[in-house]
Undergrad: 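What follows is a single structure, and I will ask about it in a moment.
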Amino acid sequence: MPAGDVSDPVGRRQGIQSVEIGTRLLQALASSGRSLLLRDLSRSAGMPAAKARRYLVSFIRMGLVEQDANTGRYDLGGFALELGLASLARLDPVRLAGPVLDDLCERTGETVALAMWGNRGATCVRWLEAGGPVTVTLRTGVVLPLLSSATGLAFAAFFRSPYLRRMLDAEIEAAAAARQATPTALRAALAVQLDEVRRHGIARAAGSVTPGVNGFSAPVFNDAGRMVAALTLLGIIGSFDLDWDSPTARLTKEAAATLSRRLGYGGGEAAEGEAPAAHGDAAPGGGATRT
């Protein structure tokens, strides 16, 4: 088979073995999370120190590796950082979400959706219908309310934006007027609700935006630990378990975590601590969603 044949699997194509061998040093540095002495680096890469040193000289010239003149330790260089940042900049949550949404839809038999923050709020950018006898449908481009949808609550709990705070205040004022309640009481109620969402790592809503429909929504984080999307699972009341520890909740959280990892998120709790708070003496709140 010709070497340039596009049908040839990558693993069977002829390459430059020395490049592949040298890359083991870069992989060792990337996975270590710290600078390494030559002996440790060569051992991690599985090659003799003398051989590793020759590769490192070339990598230093290219800017892929740098060496501390005082300690002799090696670390990733400036060009390696540029490559990493360029790769992260090309990550598209919508494109990468495709297989994750497909898998979640297949495993649950429910409608799944991906929402991102747009200039009008939490906006559905992609959805996948299960195709069962009774299905839930969404419309791409629909903007979901913050107080009365699982998706909106996920953004309210984990997304940081001054505009989100203003939108929350507007929804609270409207809900207070409709119910003849005080905005202060609704803010206090939502503060408790958002604490619960952050504690479980997922938002839920029962029959809120669409009557008869339940939903879970989990945040998706990028490499900087900031929420960039919400992954939502929707189903019919009566067959969709809204328990915090239900399989539907677990699978939704797992799918969101998978997409977060594909976007470079390393995990941890820092992102949850970045959830927005309202201006004033309490987080903006409201009791518009039955949970």
Side-chain angles (χ1 to χ4, degrees), residues 111 113-127 136-221 226-235 237 240 242 244 249 252 256 271-291:
T111 295
L114 185 76
M116 299 183 70
W117 190 259
N119 57 3
R120 296 173 57 205
T123 306
C124 177
V125 295
R126 186 166 183 172
W127 68 278
V136 179
T137 60
L138 285 175
R139 179 171 54 86
T140 301
V142 66
V143 178
L144 298 158
L146 295 172
L147 299 183
S148 59
S149 71
T151 302
L153 285 169
F155 276 99
F158 297 101
F159 189 72
R160 288 179 66 98
S161 167
Y163 184 47
L164 180 144
R165 293 170 181 164
R166 292 195 293 270
M167 290 187 64
L168 272 175
D169 280 342
E171 288 194 26
I172 289 169
E173 294 292 337
R179 300 183 200 173
Q180 298 182 338
T182 65
T184 300
L186 297 185
R187 285 190 176 89
L190 184 59
V192 173
Q193 190 176 21
L194 295 184
D195 283 343
E196 186 177 38
V197 170
R198 296 180 188 116
R199 186 168 64 252
H200 290 283
I202 190 170
R204 66 181 182 181
S208 52
V209 177
T210 304
V213 175
N214 287 346
F216 276 116
S217 186
V220 175
F221 300 103
R226 297 186 67 86
M227 181 182 178
V228 293
L231 195 153
T232 302
L233 185 70
L234 300 169
I237 289 178
F240 189 98
L242 265 189
W244 289 116
T252 303
E272 293 187 12
E274 294 184 354
H279 56 272
D281 56 358
T289 303
R290 299 194 304 276
T291 58

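Since we're looking at a predicted model, the values are computed, not measured.
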Undergrad: How long is the gap from CG on Leu233 to OG on Ser217, to the nearest 0.5 Å?
TA: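 Atom-to-atom, Leu233:CG and Ser217:OG are 9.5 Å apart.
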
Undergrad: Do you know the tightest heavy-atom contact between Phe216 and Ala249?
TA: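 For Phe216 and Ala249, the tightest heavy-atom pair comes out as CZ-CB, 3.7 Å.
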
Undergrad: Identify the two heavy atoms, one from Ala154 and one from Ala203, that lie closest to each other, and give their separation to 0.1 Å.
TA: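 Smallest heavy-atom distance, with atoms named: N-CB, 3.7 Å.
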
Undergrad: Kindly say whether Leu114 contributes a backbone atom to a donor-acceptor pair with the side chain of Arg126 at under 3.5 angstrom?
TA: no

Undergrad: Does Asn214 reach the main-chain N or O of Phe240 with its side chain, forming a donor-acceptor pair under 3.5 Å?
TA: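 Judged by distance alone, yes, a pair lies under 3.5 Å.
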
Undergrad: To check you understand the geometry: which heavy-atom pair defines the closest contact between Leu194 and Ala156, and what is its length?
TA: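 Here Leu194 and Ala156 meet closest at CD1-O, 3.9 Å.
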
Undergrad: Looking at every non-hydrogen atom in both residues, tell me the closest pair between Gly215 and Ala150 and how far apart they are.
TA: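 That would be O-CB, 3.6 Å.
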
Undergrad: To the closest 0.5 Å, what do you measure between CZ (Phe159) and CZ (Arg226)?
TA: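 It comes to 7.0 Å.
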
Undergrad: Taking the side chain as C-beta and beyond, is there a heavy-atom pair between Trp127 and Thr232 under 4.5 Å?
TA: no

Undergrad: How many angstroms lie between atom NE2 of His200 and atom CG of Asp195, to the nearest 0.5 angstrom?
TA: 11.0 Å

Undergrad: Looking at every non-hydrogen atom in both residues, tell me the closest pair between Arg198 and Ala157 and how far apart they are.
TA: NE-O, 2.9 Å

Undergrad: Measuring from atom CZ of Phe158 to atom CD1 of Ile202, what distance do you get when rounded to the nearest 0.5 angstrom?
TA: 9.0 Å

Undergrad: Which pair of heavy atoms, one from Ala206 and one from Leu242, lies closest together, and at what distance?
TA: CB-CD1, 3.5 Å

Undergrad: Could you pull out all residues at least two apart from Met167 that satisfy side chain to side chain contact (heavy atoms under 4.5 Å, CB included)?
TA: Trp117, Leu146, Tyr163

Undergrad: With rounding to the nearest 0.5 Å, note down the distance linking CD in Gln193 to CZ in Arg204.
TA: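 The CZ atom of Arg204 is 9.0 Å from CD of Gln193, to the nearest 0.5 Å.
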
Undergrad: For the atom pair CD1 (Ile172) and OG1 (Thr182), what is the distance rounded to the nearest 0.5 Å?
TA: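 Going from the CD1 atom of Ile172 to the OG1 atom of Thr182 covers 10.5 Å.
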
Undergrad: Please lay out, stage by stage, how Leu190 and Leu153 fare under the test side-chain contact (heavy atoms from CB on, under 4.5 Å).
TA: CA-CA 9 Å; Leu190 184 59; Leu153 285 169; 3.8 Å; yes

Undergrad: Check this for me: does any side-chain nitrogen of one of Asp169 and Arg166 sit under 4.0 Å from a carboxylate oxygen of the other?
TA: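 No, Asp169 and Arg166 are not salt-bridged.
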
